[in-house]
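What follows is one structure encoded as structure tokens, with my remarks underneath.
Convention: sequence-line order gives letters A, B, ...; per-chain numbering from 1.
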Amino acid sequence: MKPDTASLLLAWYDQNRRVLPWRALPGQTPDPYGVWLSEIMLQQTVVATVIPYYQRFLAAYPTVHDLAQAPLNEVLQLWAGLGYYARARNLHACAQKVSKIGFFPSDVNELLELPGIGAYTSRAIASIAFNQPFVPIDGNVERLIARLRGIEDPLPASRALLHQEASKLNNSAIAQERPSDFAQALFDLGATICTPRNPSCLLCPCQTNCEAFKAGNAKDLPKRSPKPQRPTRYGVVFRVINPNGDILLRTRPPQGLLGGTDELPGTPWREKPWTEKEALEFAPITKNWQKLGEIKHIFTHFILILTVYEMTSNLYDIRDIKCFDSSFKPPKASALSSAMKKCIILAQG
DNA sequence: ATCCGGTATG
DNA sequence: CATACCGGAT
């Protein structure tokens, strides 16, 4: 009889586990605050990108109480560039709830109540931080299970089946004894061996138990159904930089697209390109604008093309700038999305 | 240029 | 239950 997949995986993990800033070393007890913070950052974001942000956050806010007491603005600034800014708002709200409770709940259902914590993250925290036998199912685990079981039905239709199979992964006694290691072993395998494009099946500890390896089609799983196309939207923004290097910026509404981030003032975004005359209605002052160029930014559901204008004279008078919604801010004190950074950098801003 | 994904929200 | 949110990888 073949060795159990879980025992193969755990034996591999004991020899190959990655050292990560938020991960307890063997024999140590994980810090739920660090586990939570890392899991929020790791939603939709790769380890290498997260590490410097994680370290900056931990330095700025050594405990959940420090984070709870920080101003949201400051948290958003530290988060700037990491994307999915709702995560930062939820992070802050969650820290305040946890700080009020006094400690991190260990119960999945209580974790699930907290802002920014859903089905996946509640199970990740319960298993990794509190050693409870849950399998946190994310994209990595869906991929592993599709391959191990040789499931060829395409996502997203196959998701229910994949989850059903995945939650059985830790049924064996050995996995039940080491829930925290088991959850982290799944991630390490998915990140280093059972990767999306070119899995290293020859190095995989679970090779002998893997249907996809047997069939030689691991790299083609999981399969996916095809998907639709993106429309294009256009906008015009106006770049004003004063002699101090401060930029004229406004803050987007807290909810919705790029919520809470800072942006150059300009037109709304629409499907039709703007004429110069139309766009200038939205300019902070009426004249002396020069077209600098265009930037393109790709969102999930549309492509954004922004035309950037800048003031032609360095002698403009700040008092002439009629801007009910914008003010000069130093770039270091602003939360700029990647799209806005492109506009500011354009032709060396 | 296209693909990818946890959570919140409608 | 579908869609929006983002930057990074490929």
*asked:* Less than 3.5 Å apart, any donor N or O on the side chain of A:Asn90 or A:Arg87 sitting next to an acceptor on the other?
replied: no

_If the cut-off is 4.0 Å, is A:Arg87 near the phosphate of C:dG7, judged by side-chain N/O to OP1 or OP2?_
no

*asked:* Output the rounded distance in Å from CD1 (A:Ile40) to P (C:dC6).
replied: 15 Å

*Minimal non-hydrogen separation, A:Val141 against A:Ala166, with atom names*: CG1-CB, 3.9 Å

*Which residue lies more 5' along DNA chain C, comparing A:Gln44 with A:Arg197 via nearest heavy atoms*: A:Gln44

_Any base atoms under 4.0 Å from A:Ala48, or only sugar-phosphate, or nothing? Heavy atoms, all strands._
nothing

*Report yes or no: is the cationic atom of A:Arg56 (NZ for Lys, CZ for Arg) closer than 6.0 Å to the six-membered ring centre of A:Tyr53, at no more than 45° off its axis?*
yes

*Rounded distance in Å - CH2 (A:Trp269) to P (C:dC5)*: 9 Å

*asked:* Less than 3.5 Å apart, any donor N or O on the side chain of A:Glu74 or A:Tyr61 sitting next to an acceptor on the other?
replied: yes

*Could you tell me the separation between the CG atom of A:Leu257 and the P atom of B:dA8, rounded to a whole number of Å?*
18 Å

*How do A:Thr45 and A:Leu114 order along DNA chain B: which one's closest nucleotide is nearer the 5' end?*
A:Thr45

_Counting only side-chain heavy atoms from C-beta out, which of B:dG6, C:dG7, C:dA9 sits nearest to A:Thr121?_
B:dG6

*Between C:dG7, B:dC4, C:dA9, which nucleotide has the shortest distance from any of its atoms to the side chain of A:Arg224?*
B:dC4

_Does a side-chain N or O of A:Tyr84 approach OP1 or OP2 of B:dA8 to a distance below 4.0 Å, or not?_
no

*asked:* Could you tell me how far apart A:Asn90 (CG) and B:dT9 (P) are, to the nearest whole angstrom?
replied: 7 Å

*Contact class for A:Pro196 vs. all strands (heavy atom < 4.0 Å): base, sugar-phosphate, or nothing?*
nothing

*Rounded to the nearest Å, what distance is computed from the CG atom of residue A:Leu258 to the P atom of nucleotide C:dA4?*
14 Å

*If you take all heavy atoms of A:Tyr85 and A:Gly81, which pair is closest and at what distance?*
OH-N, 3.2 Å

*Would you indicate what A:Ile117 reaches in the nucleic acid, counting non-hydrogen atoms under 4.0 angstrom: base, sugar-phosphate, or nothing?*
sugar-phosphate

*Just how far, in rounded Å, is P of B:dG6 from CG of A:Leu162?*
13 Å

*asked:* Starting the side chain at C-beta, find the nucleotide from B:dT7, C:dC6, C:dA9 nearest to A:Tyr120.
replied: B:dT7

*Nearest whole angstrom, please: distance from the P of B:dT7 to the CD1 of A:Ile125.*
9 Å

*Could you tell me the separation between the CH2 atom of A:Trp36 and the P atom of B:dG6, rounded to a whole number of Å?*
19 Å

